[in-house]
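Each chain gets a letter, A, B and so on, in the order its sequence line appears, and its residues count up from 1. Bear in mind the structure is a predicted one, so any value in this text is a computation, not a measurement.
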Amino acid sequence: MLDVQDVTKRYTGKTAVDSVSFSTGEGRIFGLLGPNGAGKTTTIRMITYITTPDSGEIRFKNKVVGPWSQRLMGYLPEERGLYRRMKVGEQLVYLARLKGLDVPEAKKRIQYWLDRFDAGSWGSKRVDELSKGMQQKIQFIATILHEPELLIFDEPFSGLDPINSELLQSVIFELKSKGRTILFASHRMEQVEQLCDDICMISDGRIVANGSVRDIKSSFGRDTVRLDFSGSGTFISSLEADGLIRVVSQTTNTAELRLINGTASRRVLDEALGSVSDLYRFEVVEPSLHEIFVSVINSSRAAAGQVKTASGEQQ
Amino acid sequence: MSNSQTVIIAQREYFQRLKSRSFIITTALGPIILLVLIAVPILIAVFANDETAKVISIVDESGQISQLLELPDSYSIDRLERPVDSLRAMVNRDQLSGYLLLPATLVDGDGEAVFYSKGGGGIVAGETLRDAVTSAVRERRILDTGADAEVVDITRSRVPLRMRQITEEGDRTDATPVLAAFGYMMGFLIYICMILYGAMVMRGVIEEKTNRISELIASSAKPFQLLLGKILGIGALGLTQLLIWIAAGVLLSAVGTTIIASMVDMPDPAAMQTTQEQVEATNAITEYIPSIPPSYLIYFVFFFVGGYLFYASLMAAVGSAVEQESDAQQFMWPIIMPLIIPMVLLAQIVSNPDGGLAVAMSLIPLFSPIIMVVRMAATNVPHWQVLLAIVLLFGSFVGAVWLSSRIYRIGILSYGKKPTFGEIARWIRTS
């Protein structure tokens, strides 16, 4: 369906995307992950034929992408924007016509989707009368109106309240069940974990992990411990000081710890029992995607000699 | 498909702007401004001449010149003899506009005449008096030689010179001065439209970037199509506005002429002198306009449209390079300069329309929309030159859109910084 083959894109003095290859098929949700400035957006712009790669090629349905493929793709850019002074209905008709729909068909679909998003009466409103969240919904509708075979969402949930996020998520699953291919760029790992079948992590323009979420997670093994407890959590800092664990996250009553240097999970349990007053949960699990992301990015940057806390950059 | 994208984009530009409040306001205000521009000089001319004539007094020391002095009707001469002191006092009290001192030596061809006033009156007033005094003194001196009054009549006579233009069919009144003026006017019209609608294209491109919609559009159409659609849509809008204004102008001038004619029924020919001249000029123009060859008008439309398209696409390049309108200023001068240069050289082009400078400038696309239009009015330009200029102009237009789209491709993707000329050159090479 979509094949990105050894693609490189350089801007003056900087390689934004460096020999990136991945592919995805129909009915799958593909996550493109990476910290800010990793090259996600540049990659997407080459897929949508906004820019072209310096080397390598991008094939869609076995043909190199071009103006022909733009009609078969729907792109929701991270930088959202609409014509502010245009009416919602006119604007959606315009964007749909650019994607090859005729006016009557566009109008029919627009009404359907506006109703789905509780926005049935917005057609004659001007965009600048709408709230940010409402504009976001309009832009999402603009992305899917022409029923593209490949949908590209760059941070689709940012700025949406939980109810609308839920709605959006259900629509995305619905599109997936209709056999659409979805490419999803984000650094919000919980959502990626919930949505994606396959992921590709990139850092500084290079792929650092690529494969199905299942495979990537199991490749890291069950090396993470989750605890719910009450009482003193001091055992955590002493374990950390001994170099036996790394703290992934910690609150007053919960902790997620990564076992390092071959520490046995039993060791953590023993220490915990000696410290807490009650232990409600002790679970050995695969690391979360978030943790994988942080450690993969950190180690790739360490290898590149530019150690930075990727988690710090995420917020 | 590629054409349909351009058409869809052009349609949006056209209809969205047509409905916009600013378009309706400028379109409505246009004829009002036009009306004011037309009406004010006419009204001033009408009412200015209603004023009582300037009263001046003459101190004629020889006593031989004043009776020969012929002043236009806007002057009346106070012939009472008064001492200079009281004349001065009268000028100060505004009872007199001024007085003319003609020393006795003038009759001998010596000395100078002096006009005393509170100042003002303009350069023309000085010229009028100078001419009048010069002829009066000349006539006096001729008469003093004992010549007949007949000789004076001879010196007063003027020989009219008619300009005839030779054509294949024979000859006709040479319309060159009128055509040159017409070309001048057309040049200005093109200039104004380039500034007005070209800037609209530029703002449109910048607005899409500030609204962050460029990326969405770029995923649906090529930058070339987007910019071309914008330029064509806004161009169509400009033509619509011009047509509305022309229609309104024709209507208003018809109405205006009727009103003014009824206001000034049976005008005193003396008081109407300036207006009379205007009427004559208008008659002259209406007389000559049919003699403008239709090919000129067709060519004019080509240069008008081509000039807009070329300059608008250069403006689009500026819009593509910057993120905010305030940043556009530094990139505007390379576009404004070539527009100003021909306006400065227009007079020279009109006076020597077949010279090397005129020919060269009328072929260069940056200048041809103005210079060729003026040249065609002022002289018979060989057809090959006109066609070459048109081909060059439209070729440059396509080239400029292509160039702009290269800049656009990178310009939309790099938010937040203002590029330099060097960077833009690199964008064009690398995008």
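The shortest side-chain heavy-atom distance between Ser219(B) and Met73(A) does not fall under the 4.5 Å cut-off. Counting only heavy atoms from C-beta outward, the side chains of Tyr83(A) and Arg12(B) approach each other to under 4.5 Å. Between Ile8(B) and Tyr94(A) there is a side-chain heavy-atom pair separated by less than 4.5 Å. Residues Arg84(A) and Ile213(B) form no side-chain contact, since every pair of their non-hydrogen atoms from C-beta on lies 4.5 Å or further apart.
Counting non-hydrogen atoms of other residues, nucleotides and ligands closer than 6.0 Å to NZ of Lys107(A) gives a total of 12 or fewer. Within 6.0 Å of atom CZ in Phe224(B), more than 12 heavy atoms from other residues, nucleotides or ligands are found, so the atom counts as buried in its surroundings. Applying the 6.0 Å contact sphere to CZ of Arg85(A) captures no more than 12 heavy atoms from other residues, nucleotides or ligands. No more than 12 heavy-atom neighbours from other residues, nucleotides or ligands sit within 6.0 angstrom of CZ on Arg206(A).
Closest approach of Arg97(A) and Gln5(B) over heavy atoms only: O-OE1, 4.5 Å. What you find for Gly81(A) and Leu216(B) is that their closest heavy atoms are O-CD2, 4.2 Å. Gln70(A) approaches Ser220(B) most closely through the heavy-atom pair OE1-C, 3.3 Å.
For Arg409(B) (side chain) and Ile50(A) (main-chain N/O), a donor-acceptor pair under 3.5 Å exists by modelled atom type.
Ion pairing between Lys19(B) and Glu90(A) holds under the 4.0 Å rule for side-chain N and carboxylate O. Glu215(B) and Arg45(A) are joined by a salt bridge, as a carboxylate oxygen and a charged side-chain nitrogen come within less than 4.0 angstrom of each other.
Neither the backbone nor the side chain of Gln135(A) has a heavy atom closer than 4.5 Å to any heavy atom of chain B. Looking at Ile9(B), the atoms closer than 4.5 Å to chain A (heavy atoms on both sides) sit in the backbone and in the side chain alike. Proximity to chain B (any heavy atom under 4.5 Å) is shown, for Thr42(A), by neither the backbone nor the side chain.
Distance check, rounded to the nearest 0.5 Å: CG of Leu95(A) to CD1 of Ile217(B) gives 5.5 Å. Atoms CD and CE, from Gln16(B) and Met86(A) in turn, are 4.0 Å apart once rounded to the nearest 0.5 Å.
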